[in-house]
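Right, one structure below, let's go through it.
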Amino acid sequence: MGKQIQATSIVNDKTTVPSKVIDRISRCPVAVHLRNYQNGSTHQDTLYQRAVQNTPCNSKTCEGSIMSPKSLIRGSPKITPGSSDILTQAVDFIDQYYKSFKIPNPTEHQARVDRVTLEITLTGSYTLTADELAFGAKQAWRNAPRCIGRIQWANLQDHKRLEALASDFQEYSTWKDFHRPTFSEVLEEFPSVKVPAAFILSQLPLLKPRLYSVSSSLDKLHLTISVVEYHTQGGQGPRHFGTCSTWFNTIKRGHGVPCFVHRSGGFHLPADPNTPVILIGAGSGIAPFRSFWQQRIHDMKKTGLKFSPMTLVFGCRDSEKDHLYKVETLKLRLDGILSNVSTAYSRQPDKPKMYVQDVLREQLSEKVLEVLHKNTGHLYACDVVCTLQEILASKTGMTITEAGEYPERLKGEKRYHQDIFGA
Ligand SMILES: Cc1cc2nc3c(=O)[nH]c(=O)nc-3n(C[C@H](O)[C@H](O)[C@H](O)COP(=O)(O)OP(=O)(O)OC[C@H]3O[C@@H](n4cnc5c(N)ncnc54)[C@H](O)[C@@H]3O)c2cc1C
């Protein structure tokens, strides 16, 4: 040591004093003192105290988790809580613990409350089970709003959840279908994920065009659009709006609409005016049929030809609220463009729910048979394949297999035209 001191003094041209480290005091973390206003005792967290004493955590003990051991409590408690206070708190805690179960177990819950009540009555206190203790610790962490541990806990939870979603496709699909989240909802659900705005913008897909059936004939282009609006999470989640239909619903007269024409393969009326036709549509699914009947009216006027009247089956919720083209179709029936209009209301007050499939089965099975089986008529529909098979099997004596193959045969002959909204 003597030679080292001498050498250091020469090199630095400074008088060097021999000295020794006798203590190391950490300035971080900062001590937290709490005063219990009920009994006057003060508490101090051990993380600070032990850090001062330079005793780090080991594999068995987390120093931060030991709050106020007896040695650090200053002042003797003056007020001890009565057993009735303890009982109220204990029962409240036990209730919280049992309510955290996904599948409630009221029998076990009540039995545990009874046991705890007895223990407190006999001894003035009670012992937590290991699971209750773990639950209590979790609750305490979650409920401490500015606790760094809580933030870390949330991050860990996020991480665990994201890892599960990224590695299990089934779990991801279930989550996605239930939440149908927007970008901002994903970021809200996982607050620990910090994504730069530039990155999000670079990941946004281009807005895709939406297709709408032409709902008129002749000189003007009409559209019949359902405004998409729904709540996610089985109706309990946030309200979502369809991008394009909502935009259509807000633009004013004279506003420009960028669009293009997309031709649909075989979705048009048969060339022969005598071919019987059945049109089946629900909601805005009636859109293309309106262009059919407008064209028929025009052709009849222009050529004087007689056309075989068409059958329309229309489904909606309520005759007063969303029966599209109600008056127009009534007039078409009077004019002989439509032979009949059958409706199915699914939310009509005081009436059983009816869907187009029910109308076909209950009111129009003979008509279906006549148009498709006895004649070479055409059917334009949303998904009614199963109902069609049922009618054919029950009315013609076809086997299930034959009836099952029938719609495909009709499609092959270009007589079954499936509505392609969902395509
Ligand atoms: C050939 C063809 C013709 C069409 N013709 C018409 C037409 O004449 N009239 C018409 O109104 N539409 C028609 N459509 C549908 C139309 O193209 C759009 O898909 C529709 O308007 C929705 O677009 P959007 O931008 O408003 O909604 P988007 O922003 O695209 O949102 C629609 C999405 O919202 C989700 N969604 C909707 N409802 C719910 C719900 N209840 N629960 C959970 N998620 C839901 C679904 O994932 C759906 O894909 C047609 C589609 C095709 C393919």
Side-chain angles (χ1 to χ4, degrees), residues 165 169 172-186 188-189 200 203-218 220-252 255-269 279-295 310 312-318 321-326 328-329 346-347 353 355-356 378-385 411 414 416-423:
L165 292 175
F169 182 72
Y172 170 72
S173 300
T174 311
W175 169 82
K176 196 184 77 175
D177 291 344
F178 185 65
H179 291 269
R180 295 199 169 265
T182 59
F183 266 101
S184 59
E185 283 167 7
V186 174
E188 268 168 34
E189 187 171 346
I200 294 181
Q203 299 303 303
L204 290 176
L206 286 179
L207 190 61
K208 286 194 180 135
R210 305 308 199 256
L211 296 179
Y212 292 97
S213 309
V214 174
S215 197
S216 59
S217 192
L218 314 179
K220 278 194 192 124
L221 192 142
H222 293 185
L223 300 179
T224 305
I225 300 177
S226 296
V227 180
V228 172
E229 187 188 325
Y230 58 94
H231 284 270
T232 59
Q233 301 174 27
Q236 304 302 310
R239 199 159 159 214
H240 282 194
F241 297 94
T243 312
C244 189
S245 56
T246 306
W247 177 75
F248 266 120
N249 203 27
T250 53
I251 56 173
K252 301 263 178 302
H255 199 291
V257 177
C259 57
F260 58 85
V261 174
H262 176 82
R263 289 188 185 282
S264 73
F267 207 86
H268 53 73
L269 283 172
L279 310 171
I280 306 168
S284 54
I286 198 174
F289 303 151
R290 189 164 179 263
S291 62
F292 286 3
W293 69 62
Q294 287 200 354
Q295 187 63 36
M310 302 180 284
L312 175 68
V313 186
F314 177 66
C316 63
R317 292 177 170 209
D318 188 312
K321 292 184 183 151
D322 60 347
H323 188 153
L324 299 172
Y325 307 120
K326 193 176 180 180
E328 190 170 327
T329 49
S346 61
R347 305 269 168 87
K353 286 185 177 190
Y355 297 95
V356 287
H378 287 226
L379 183 87
Y380 300 77
C382 45
D383 192 10
V384 291
V385 169
K411 281 183 197 171
K414 297 200 181 350
Y416 183 106
H417 309 268
Q418 178 124 14
D419 178 337
I420 44 170
F421 264 33

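Each ligand, and each atom within it, is numbered from 1 in the order the structure gives. Just so you know, these numbers use all the heavy atoms, side chains as well, and skip hydrogens, waters and symmetry mates.
Only the side chain of Tyr230 comes within 4.0 Å of ligand 1, counting heavy atoms alone; its backbone N, CA, C and O stay farther away. Residue contacts with ligand 1, taken as heavy atom pairs separated by less than 4.0 Å, do not involve Leu223 at all. Contacts of Arg180 with ligand 1, taken as heavy-atom pairs under 4.0 Å, involve the side chain alone.
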### Task
Applying side-chain contact (heavy atoms from CB on, under 4.5 Å), run through Val227 and Thr246 and close with a yes or a no.
CA-CA 6 Å; Val227 180; Thr246 306; 4.2 Å; yes

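Close contacts between ligand 1 and Ala287 involve ligand atoms 8 (O) [criterion: under 4.0 Å to a heavy atom]. Below 4.0 Å from some heavy atom of Thr243 lie the following atoms of ligand 1, by number and element: 24 (P), 25 (O), 26 (O), 27 (O), 28 (P), 29 (O). Near Thr224, the atoms of ligand 1 lying under 4.0 angstrom from a non-hydrogen atom of the residue are 7 (C), 8 (O), 9 (N), 10 (C), 11 (O).
The shortest N or O to N or O distance between Leu211 and ligand 1 is below 3.5 Å. Distances between N or O atoms of Cys244 and those of ligand 1 include at least one value under 3.5 Å. Considering backbone and side-chain N/O of Ser213, one or more are found under 3.5 Å from N/O of ligand 1.
Although no hydrogens or angles enter the test, the distance criterion places a donor-acceptor pair under 3.5 Å between the side chain of His231 and the main chain of Gly237.
Of all the heavy atoms in Phe314 and Ala282, the pair that sits closest is CE1-C, 4.3 Å. When all heavy atoms of Ser245 and Tyr212 are compared, the closest pair comes out as N-OH, 3.8 Å. For the residue pair Lys353 and Arg347, the shortest heavy atom distance occurs at NZ-NE, 4.3 Å.
Tyr380 and His417 have parallel rings, their planes meeting at less than 30° on a 0 to 90° scale where 60° marks the start of perpendicular. Using bins of under 30°, 30° to 60° and over 60° for the plane-to-plane angle, the ring pair Tyr325/Trp293 lands in the perpendicular bin.
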